[in-house]
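What follows is one structure encoded as structure tokens, with my remarks underneath.
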Amino acid sequence: MSRVFNRRKLKFNQKNKEQQDDKLVPKPLYPNLDQNLEVLHFLYKDCSDMVFRSFVIADQTKAQLIYIKGMSNIEEMDSNVLTPLIQKADQQSINPKTLIEQRLSVAEVTRIESFDACIDQLSIGNPILLLEGNQQGFALGLAKWEKRGVEEPSGELVVRGPREGFTESAGVNTSLLRRKIRSPQLKMKTLKVGRYTQTTIMITYIEGLSDKTLIEEISQRIKRIDIDGILESGYIEELIQDNSYSPFPQVLVTERPDTAVSNLLEGRVVIIVDGTPFVLVAPTTFYSLFQSGEDYYHHFMISTATRWLRFLFLFISLLLPSFYIAIITYHQEMVPTTLLLTMVDSREAVPFPALVEALLMEITFEGLREAGLRLPKQVGAAVSIVGALVIGQAAVDAGLVSDPMVMVVALTGIASFTIPRYNIAIPFRMLRFPMMLLAGTFGLVGIMMGLLAILTHMSTLRSFGVPYLSPMAPMKGKDMKDTLIRAPLWKLNTRPHLTGEYNEYRQDSDQKTFRRQGR
Amino acid sequence: MIEKGKISALQMGILMYHAIIATGILFIPSTVYEAAKQDIWISPIWACPLGLLSVYIAYKLHTLYPNNTIIQYSEHILGTLLGKLLGFVLLLLLYTSASVMIWQYGEFVVSEFLPHTPKFVIIGMMVLLCAFAVHGGLEVIGRLAEMVVPIFFLLFFIIIILLLPDIEIKRMLPVMENGMMPSIKGSVTLYTWFAQFGIIYFFLPFLTNREKGMKSGMFSVLIVTFTLMLTNIIIILVFGNVTENFNAPLMSATRYISIAEFLSHLEALVMAIWLAGTFIKICVFYYAVVLGTAQWLNLSNYHSLVLPVGLLIGVFGMQAFLNSAEAAEHFRIVSQGFMDTLVYGVIIPMFLFFVAYIRKLRIFKQKGRRER
Amino acid sequence: MRCTKVIYFIGIIFFLLTGCWDRKETNDLWVVTGVGLDQTKGGEVEVTVEIHSPSGNEGDGAGGEGNQAGGNKTILQTGKGVSIPKAIEDLDTKLPREILWSHTEAIVINKELAETGIREELDFFIRHPEPRLRSYVFISEGNAKDIMALLPPLERSSSEVLIELAKSEILMKVTLFDLMEMLKGESGASILPMIDILPPEEGKQPLETIAYINRSAILEHGRMIGTITDRLTRGVLWFRNEIKESTVTVKPEEADGLISMKLIKGRTELIPKIDGNQLKMTVKVETIDDVIQNKTNWDLKNMEKHKMLEKELAQKIEMRLTDTLEMVQKEMEVDIIDFGETFRQKHPDKWKSIKRDWKERFPSVEVTFEIKASVLRTGQGSIP
């Protein structure tokens with residue numbers, strides 16, 4: 001069976017290779033302008049958004065300006081390229097190249113020598129200038145397209161902290177990072193991925209803090225991606241993570257530049273994908289998914305308490321319904337007598353077993369949540385009213401659901417929203433259902449078994465070589481200061497150890513305010 | 001090497017801790033009580049040296065053959081045939097040990113929580129879960145143990161704190177009513193548990209920091225002793241002379257907890273730590289059996305053995321004893337000194353160590369003669 | 001690799017789908033809150049269970065809040081058999097639902113059954129994993145069934161009344177675990193609270209009353225041999241160092257009225273001494289009381305009067321203890337006051353020889369009292 005699969009896979013790969021091969025050698029530009037134009041016209045056949053503008057430089061050389069409508073700044077092209085070049089030359093027979101150097105008032109001019117480079121530049125919006133009798137073309141950095149401004153990220157709100165978020169444009173995103181890290185040690189490696197989309201992907205890291213092998217590994221993994229298109233960083237995430245069958249996210253996704261920067265400073269690598277405000281941070285451990293950027297802006301005691309609260313609610317969101325099922329159907333002795341009698345009373349008329357009741361309510365709740373996310377805002381209010389009725393008093397009055405169950409579902413719902421990152425909240429929300437089945441079959445023993453299975457699975461995970469559960473397992477004493485608790489900043493002297501070599505100290509040891517003796 | 005993963009000395013210590021304590025805290029108080037009466041808390045002290053001894057021997061053998069496990073160096077020490085034979089005996093003992101553990105687990109779950117659930121489902125689930133972990137390799141088991149240990153300690157101390165209102169010092173009196181003998185007799189039962197430390201010889205070669213292997217093993221023995229003492233003290237203070245009437249006194253004690261009417265019947269806490277601990281215990285032995293078998297058969301990879309071995313110990317575990325009386329008989333025989341754990345934990349390693357030592361002496365002598 | 005994963009997956013699904021063997025829905029359960037054990041004329045055991053009857057929240061619509069006050073929502077059912085399990089089997093045939101034993105918090109045994117021995121009957125409750133070790137055990141004067149049948153005006157059920165009474169610790173409070181410990185103890189003697197039905201108030205239904213603890217039953221090796229009054233029960237509590245609530249009223253000779261005091265703290269220490277062949281026991285009592293009523297013309301702030309009051313208090317306590325001792329040690333000859341245990345703890349080596357004929361030697365133990373009573377506060381004010 002698997003051999004058949006493998007053979008088919010092999011065949012598929014070969015076919016792909018052949019398709020690609022003819023693309024690999026970049027064709028150089030011809031010296032003849034007409035020949036070049038012929039090729040470009042052929043390539044951009046039926047592309048009505050292409051503009052070819054021919055003109056003559058200083059009455060001497062034929063030239064062609066090529067750009068894509070809506071992606072380049074036309075005013076600047078008029079005033080800074082066409083106007084100066086069309087003007088008559090002061091001296092006769094001047095070299096058009098020197099003319100360009102002298103007259104063109106454009107900051108970014110790149111020389112291009114092949115058609116591939118030509119396409120690249122055009123696709124990011126840079127106009128191209130081709131000259132007669134010249135084997136080089138010029139790409140002018142005049143790209144300008146409509147983009148969203150820097151706004152507050154709606155997915156990761158904070159009470160205290162910067163309110164700017166990444167945008168869809170990679171250029172803006174890098175500038176946001178650069179504005180926070182002024183040091184030239186901040187490096188960005190650019191890759192192009194996607195056969196048709198040719199999406200820009202930037203691997204950002206701080207030289208000297210990130211392990212070189214890690215960067216190498218990440219770029220290797222990204223380079224071997226060969227698919228039609230990358231529309232969002234989710235594509236990259238799924239294609240580079242270590243264990244693709246795991247529900248747990250193995251990279252961190254953030255919209256906030258400050259979170260990205262703090263991760264960079266810890267020696268992690270940030271992957272920016274053009275076209276999405278979500279950047280990836282790798283490697284990531286389980287505990288770092290529970291940290292919010294805000295943890296470092298508040299007092300450490302408050303942050304620690306908040307973290308504990310999050311872990312508590314994590315357990316509630318995963319276990320509360322199954323715990324309820326287990327206790328009400330298997331371990332009635334664990335409930336204090338009076339409470340049990342109340343519960344018995346409220347469950348007396350309910351026609352379903354507790355497991356079915358819980359499944360019903362949880363699925364309804366998940367459905368409502370999903371509906372609330374996708375619906376247009378105008379309808380949202382209606383959904384919440386209906387929802388309140390469905391999982392609220394009406395259901396109880398109808399005798400379909402017991403009162404305690406409504407409480408359980410509501411609390412579970414709230415609990416799953418306290419987890420700061422959406423992508424780690426989802427797996428737990430999903431795992432709740434198998435846990436409920438286990439609880440319905442084996443009671444508390446089943447729950448414990450389920451927990452152990454999840455734990456075992458998490459122990460097998462690695463994110464780019466870093467054990468997923470580190471620094472708890474394997475234990476790294478120094479890194480524990482920033483996992484379950486958030487130690488005061490003057491105690492966080494060391495960086496977390498990820499892989500390979502690392503730069504251990506991130507600050508001088510005496511950062512606590514100096515207090516004179518005897519005061 | 002057959003195992004590519006490495007664990008730290010700390011992880012090994014924690015693994016060993018779980019492997020001993022998981023069933024220990026549950027069953028030790030009542031079994032020891034039969035002999036030691038109210039002195040059960042002294043017994044672990046007498047049994048502790050045995051644990052230290054088995055760790056010491058395993059470590060000494062390890063220093064002679066730093067990259068091999070006992071299955072491999074027994075061939076080197078005794079020659080291929082005898083070595084294979086010894087390895088076979090050792091593996092057989094480990095198989096039975098693992099099966100008995102699984103039986104104990106299944107029996108306890110069935111009798112305490114799920115009386116009508118078929119045992120094969122309960123055992124099968126556990127074996128599958130362990131197979132999943134063992135398949136992940138040594139690193140995964142090590143990490144699991146490390147994740148479980150803080151929860152274990154937290155819940156354990158919560159239980160002890162909640163039991164404090166029910167203690168009465170006079171239940172422990174008189175200390176050493178009949179001299180030292182009862183507590184020493186009681187410690188004989190504990191040898192079964194402490195001798196299991198011998199299994200450390202399967203883990204020593206895979207340490208990242210080998211020089212700490214001995215220290216962490218010894219430390220593990222001491223912590224086990226301390227935990228057992230604490231459990232026994234708390235049990236005797238809460239239950240006094242009634243201790244022997246319970247199969248699992250710690251479980252009954254947590255059932256007995258009642259604070260402010262609301263915090264009562266907390267056996268789920270004990271169940272949680274016991275189940276997690278037993279899971280790791282079974283994983284440790286399961287892994288040892290799988291690795292040992294693979295090495296005995298000179299396989300290059302142990303992964304293919306995980307499921308077959310799991311099936312074997314699972315089926316053995318289901319069939320281990322017919323009823324609780326037969327099991328009690330078995331454990332009585334064991335506690336009278338015919339201990340399988342003692343054989344593989346202490347006696348076989350000691351024998352190997354002496355043979356190796358004598359051979360080494362001879363080699364030295366021969367060398368000396370030749371030089372002369 | 002992939003293959004093994006598939007096997008794991010299928011295996012887990014398989015196990016999950018096989019069913020829920022031990023599932024007990026609350027709709028199929030009846031929660032037992034109290035058990036009564038009686039001996040019938042024919043020597044059989046009769047088990048009476050008091051079951052909470054679930055009302056459900058269906059039906060009455062708007063009238064949800066008007067639940068009858070004190071809502072007597074219990075059902076009574078009995079079963080007979082040669083042993084408890086047999087009786088329960090009989091009971092099961094009469095009940096449409098499964099019984100949940102784990103919330104049984106009151107076990108009432110009637111006097112006749114207690115006289116034939118309770119050790120064997122309690123074995124059921126201990127071996128069974130469900131009943132709680134903290135259930136309270138009582139002995140009833142009449143039939144346990146009659147006590148279970150009461151409809152108390154305030155509490156939910158008759159057993160709840162009993163539990164509350166036991167918890168108040170005015171008289172004996174004995175849990176199943178305490179009883180086990182006493183049965184296994186050195187002396188083999190045990191003491192249990194004894195309950196009786198309080199005569200109903202005039203104009204009320206005959207069942208509208210409660211049971212109350214008024215005496216204590218003394219058992220030897222699990223067999224009931226007699227009872228002691230509430231006054232002597234408090235004396236026993238003093239000896240056992242379990243006294244929590246006690247009011248002492250003294251009538252000083254020079255004064256013309258009574259002074260009542262309430263116990264704040266009481267502590268007893270037994271100090272055994274073996275003098276040759278003679279066993280001696282010193283009972284050291286320390287107590288602190290508050291004055292709660294003064295009917296005399298004494299000014300209690302007066303140091304002299306205060307001293308006298310303390311002396312009176314000590315005498316009163318000593319009197320009670322001597323009376324108790326007279327009854328327990330000389331008449332009944334049962335060691336429910338932990339003398340044997342104390343000798344064992346202090347003189348473990350000599351105890352071995354004493355233990356054999358402890359039954360004979362217990363009445364001859366010489367007891368001396370050392371009572372230190374102090375009055376701490378004399379109240380906030382007084383009537384002029």
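Every chain is numbered from 1, with letters handed out A, B, ... down the list of sequences. Source: prediction; values computed, not measured.
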Would you check if A:Ile328 and C:Thr26 make a side-chain contact, meaning some heavy-atom pair closer than 4.5 Å?
yes
Determine whether more than 12 heavy atoms belonging to other residues, nucleotides or ligands lie under 6.0 Å from atom [atom1] of [X].
X        : atom1 : result
C:Lys86  : NZ    : no
C:Glu164 : CD    : yes
C:Tyr212 : OH    : yes

Region of C:Glu160 in contact with chain A, defined by heavy-atom distances below 4.5 Å
neither
Please confirm whether the backbone N or O of A:Val350 pairs with a side-chain atom of C:Asn27, one donor and one acceptor, at under 3.5 Å?
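Yes, because the side chain of C:Asn27 sits within donor-acceptor range (under 3.5 Å) of the backbone of A:Val350.
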So if I take each residue of residues 332-341 of chain A and look for any heavy atom under 4.5 Å from a heavy atom in chain C, which residues do I end up with?
A:Gln332, A:Glu333, A:Val335, A:Pro336, A:Thr337, A:Thr338, A:Leu340, A:Leu341
Point-to-point distance, once rounded to the nearest 0.5 Å, from CZ of A:Phe442 to CZ of C:Arg23
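Reported to 0.5 Å precision, the distance equals 13.5 Å.
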Hey, could you give me the NZ/OG1 distance between C:Lys24 and A:Thr329, rounded to the nearest 0.5 Å?
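Reported value, rounded in 0.5 Å steps: 9.5 Å.
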For residues 316-325 of chain A, run the donor-acceptor check on the side chains, cut-off 3.5 Å, and write out each pair with its distance to 0.1 Å, sequence neighbours left out.
unit_1, atom_1, unit_2, atom_2, d
A:Ser317, OG, A:Leu314, O, 3.0
A:Ser322, OG, A:Leu319, O, 2.9

Hey, could you give me each pair passing salt bridge (charged side-chain N to carboxylate O under 4.0 Å, His left out) that has a residue in residues 429-445 of chain A? Not counting sequence neighbours.
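Output for this query lists A:Glu362-A:Arg432, A:Glu366-A:Arg429, A:Glu366-A:Arg432.
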Who passes salt bridge (charged side-chain N to carboxylate O under 4.0 Å, His left out) against A:Asp242, sequence neighbours left out?
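With neighbours one apart ignored, the set is A:Arg221.
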